[in-house]
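Quick notes on the structure that follows.
All chains are named by letter (A, B, ...) in the order of the sequence lines, taking the proteins before the strands, and each is independently numbered beginning at 1.
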Amino acid sequence: MTGAGTDTLHADVLVVGAGPAGLAAAARLAAAGAGRVEVLEREAQPGGVPRHCAHGGFGTWTHPLTGPRYARLLTEAAERAGAGLRTGVTALDWAPTGPVLTTVGPGGPQTLSARAVVLATGARERPRSARLVPGTRPAGVYTTGELQQAVHLFGQHIGTRAVVAGAADVSYAAAGTLRAAGTEVVALVTEHPRAQTSRVRAQAARLRDRVPLLTGTTVTELLGHGRLSGVRVRHRDGRTAVLRCDTVVFTGDFVPDHELARRGGLALDPGTRGPAVGGTGHTSRPGVFAAGNLLHAVEPAGTAAREGARTAGAVLDFLAGAPWPDPGVPVVVDAPLRWIAPNRVVPHRVALGRRTPAAPPAPHFLRTGIPLPRPVLYVRQDGRLLHRERPGPGTALPERTLTLTARWHDRVDPAGGEVRVSTA
Amino acid sequence: MTVTADGPLPSTPYDVAIVGAGVVGCAIARELARHPRLRIALVEAQDDVGQGTSKANTAILHTGFDATPGTLEARLVREGYERLGAYAAETGIPVERVGALLVAWDEEQLAALPRLAGKAARNTCHDTALLGPAELYAREPHLGPGALGALHVPGESIICPWTTTLAYATQAVRAGADLHLGTAVRDVQRSDGHRLITGRGTLRARHLVNAAGLHADTLDRALGHEDFTVTPRRGQLLVYDKLARPLLRHILLPVPTALGKGVLVAPTVYGNVLLGPTAEVLHDKRATGSTADGLAGLRDKGRRILPALLDEEVTAVYAGLRAATGHEDYRITVHPEQAYVTVGGIRSTGLTASLAIAAHVAGLLAGTGLDLGPVREPEPVTMPQLGESFPRPHQRADLVAADPEYGTLVCHCERVSRGEIRDALAATVPPRSLDGLRRRTRARAGRCQGFYCGAAVRELFERGRG
C-alpha cells in the first residue's frame, strides 16, 4: 500500500483522532464498506479523554460504564468493523491540495491521502496562562486532564491540599480524582452563584465529602516560589482571602483543539471556535468533515460518539457521489448565550439533492455564560420569529448542555441573513 | 565534567570563581575555559543555569542601534551581536533575522524617527530606512490602524536565550570548568584569596568575578564597594500561541521613551508571539509574579499594535526582573588589589553582549595578575534544535529512521519527541526540574500546558533521572 520513495499511503477515509467521535465514525464507515478506513491517533493508546476518566457516567442508563471501559468498547468496535488504527502517529499538516495529510510517527514521516477526512481532534481545558490568572509560576498547577492522567494512568503523587477552580461536573470529577490520590480538597471555587452540576452532586460533595463550595468567588493570584503555597481568591463583594494549598486544578473552560482545522484553512465559528458546520459535519473545505467536541467544547462522550456515527453517514453519501453542500445560513447567538453548534443551517431542499433524509436533522447544542432560570429560546431571521422553545423546566447553567430542536430548519430562508438565537 | 548540586564543595582553591550562572556568568566561564591551565568554578544559587533575568527577557539579538553612542554598553552590544550571531550559527542556537520596525503612532514619534536613524548610524548601524505608511502596512498588514510610519532596522533578530546560556555552560563544563548549582553565596572573606561562604560550605578562589545579576550589588558590598544599587525593573510578558505567528513578520517596537524600550510585539524563534514587557520599578528581588493590572495594560497596548493578536490563546505569562542600576551604562569595574571584577548593571542587552562582555572581563582579569596561560579552543557543541524555522528532529526522516524515538511525539502542541527528552536528561548540564526540561526541549510549553502530555512528560523526567 505504501508508495515507493515518497512514502504516500492512500486510504478511502482518514479519521484524525481516536476518541469517541472518531472511533464511532470509523466503526460505521468500515462496517458500511467505505473501503480502507484509517484512524490516526497521536497518543500511544486509543480512546481519547474517556481513557483517563476512571469514574462512571459513560455508556447508557442500562449499561453504565467507566471511561476506560467505554474507550475500550469503542476501540474494539472500530477494529472489529475493519478500521485501521495507527497510534503514536501525529497528523502534522495538510498537503497544499486535496484531503492529504502529512504525519509523523516512529516509522518516520508519511503522507496520507484519502477521498475524505474526518477531523475528530477533540477539546481541552484552558490552562492557567490562557485564563490570565496572575502571580508566580510555581509547580502544582493542573488542568483536570493532566490531573486524571497523572493519577489514573501513572499513579503520580499530586500534593496534600488542593483548590479546584470551577464547580461544573468536570470540577467535581477533579475533586474525586484528588481524593482518590490522597489529596485533601480545600474548596471548589466558582464565580457563579451556584454549582453548575445537579443539586444532588453538589450536596453530596458538601455534606458527605465536606468540600466547601465558594460561590461568587474567583482565583485572582497564584502564590509561592518553586511550589505553590496558596491561591488568593476574591469574592464579588470585594473581600479577598488566601487559601493555603500546594495544588490548584483549573477545570472546565473547554476549547476545541483546532490546530489542524486552522492549518487546513477551514472556516471557524466565532462562538465555538471549532469548524463551522451544519448538522452533517461538512466543513468549508470539500472532502473534510468534522465531528465531536472539536465542534462543541464539550458535550458528553456519548453525544460525540453519536455525532461521529451521524457524520459517517454523510461521508458515505459523499463517497457515493453526493455533491458538497452550500455553506448554508450562519446561526449565531446573542449574549448571555456563548455559542451554538451546529452553527450552519442548510435548508432541506438545497441540501438533499437527489436523496431523502435518513434521519431528522441533529438538535443544536448551546451554552450560556450565566445561569438562566426557566429560559425561553427565540429563533429569528432578519427580525422574523421562526421558532420559540422552552428547553426544559429547570435553570440552564454555564458549562452544561442546553439543547434546541431543529424543528424550525424548514422555515429558514436560504437567501436570507443569519439566524439569531436569543433568550428574549 | 563536573556539575554538582549538593554535597560539600571541593576544598582546593580555584584560580577563578564566577558567581552567577546567568547568560553573562556562563559566557565568562566559557571564555576562561579556553585556557586549559585555569581551574574555574561557576557558582549558582539556583538549581539551573540561566534562572534569573536570563530566562525571562524579550529574546532579542540587538544591533545596538539605539544604545548611547560612546558607552561601554554600545561597544559590547555591537561586538556581542557579531560574536553571538556567528556562535549561534556554528552551535545550532536558533536565530531569525526578522528585522525590527519602530512604529510611530503620532506626529511627535514620527518626527523622532530621523533622529533615531542618525543615532543608529553613529552606532555603525547604517542600513536603517524610513518607511511611509503604505510600505509599513504592506510589510505588516495586520498592524492596527493609525500608524504613520516606521524606522526599519533590518539587523534586529530573535534568538533562543535558554539555548544560548546552556550552550555556554555546556562548553565551559566540557572544557573543565566546575559548575556548582544550589550554592548561594552568603558572604565573602579575604584571607589568602577569596573565601566564599556558601550554603554548601566554603569555596576558595584566587580571583573572583561578580556576575550575580540582581544580587551583584549585595556581593559588591560584601567586598566593601558602594558603587551601585540594583533596583529591579519588572517586565511582564504574554506569550501567544503559535497560531498567532502568521500575524507579523518583524519585531514591532515602539519609539523609545525614558523608561525603557516600551511595549513590543515580537515573534519568537519557537514560533510564538511575545507581547511586553511592562517596566515597573520595584524593591523586591523575588517579585517575579505577574499582576492583573500589568496584564491588562499589556493587552490594551497589544490591541492597538496588532488587534487580531488578542483573539489568540495565551500559552504563557511570565515576569522577569532586569538589573537596573540608575546608571545609563554597564557597571563593569576591576579592583586589582582584590583580584576582583564586578560585572554589574547588565540590563536587557546582556544576552546580545554576553560574549563580548566575557572577552572584556577576561582581559580585565589578566590585568589583576591572572596568568591565563595558553589557549585551546573548546570543542564545538551542537545544541538541540528548538527553532521553528529550522528542521526539528521529528521533521528529519534520516534522524527518525536511525532512531524512532525522534518520531514518537510526547508533547503534541510543541511536537517534542521522546528522543529529545531522553537526550536532555542525559546532557552535560541536565535539567533538575520540569521547568528546566521545558527550557531545554519545549515540552509542556505549548497551548495545552500539559493537559495532554503533562503527566507523560513528568513520567519520562522522573524515570530518566533514575
- Message: Does A:R42 qualify as a cation-pi partner of B:Y452, given the criterion of NZ or CZ under 6.0 Å from the six-membered ring centre and within 45 degrees of its axis?
- Response: yes
- Select one option (side chain, backbone, both, neither) describing which atoms of A:R263 are under 4.5 Å from chain B's heavy atoms. side chain
- Contact part of A:H258 toward chain B, heavy-atom cut-off under 4.5 Å: side chain, backbone, both or neither? side chain
- When only pairs under 4.5 Å are counted, which of B:S290, B:P404, B:G289 shares the most heavy-atom pairs with chain A? B:S290
- What part of A:F250 is in contact with chain B, defined as an atom under 4.5 angstrom from a non-hydrogen atom: side chain, backbone, both or neither? neither
- Heavy-atom closest contact (B:H394 atom, A:V104 atom, distance): O-CG2, 3.5 Å
- Message: Give me the atom names and distance for the closest heavy-atom approach of A:S129 to B:Q449.
- Response: OG-CG, 3.6 Å
- Item | Shortest non-hydrogen separation from B:V400 to A:G108 and the atoms involved | CG1-CA, 3.5 Å
- Is any side-chain N of the basic residue among A:E259 and B:K242 closer than 4.0 Å to the acidic one's carboxylate O? no
- Task: Could you look at A:L147 and say if it's the side chain, the backbone, both or neither that has a heavy atom under 4.5 Å from chain B?
- Result: neither
- Task: Name the region of B:R415, side chain, backbone, both or neither, that has any atom closer than 4.5 Å to a heavy atom of chain A.
- Result: side chain
- What part of B:A401 is in contact with chain A, defined as an atom under 4.5 angstrom from a non-hydrogen atom: side chain, backbone, both or neither? neither
- A:R262/B:E313 ion pair, N-O < 4.0 Å: no
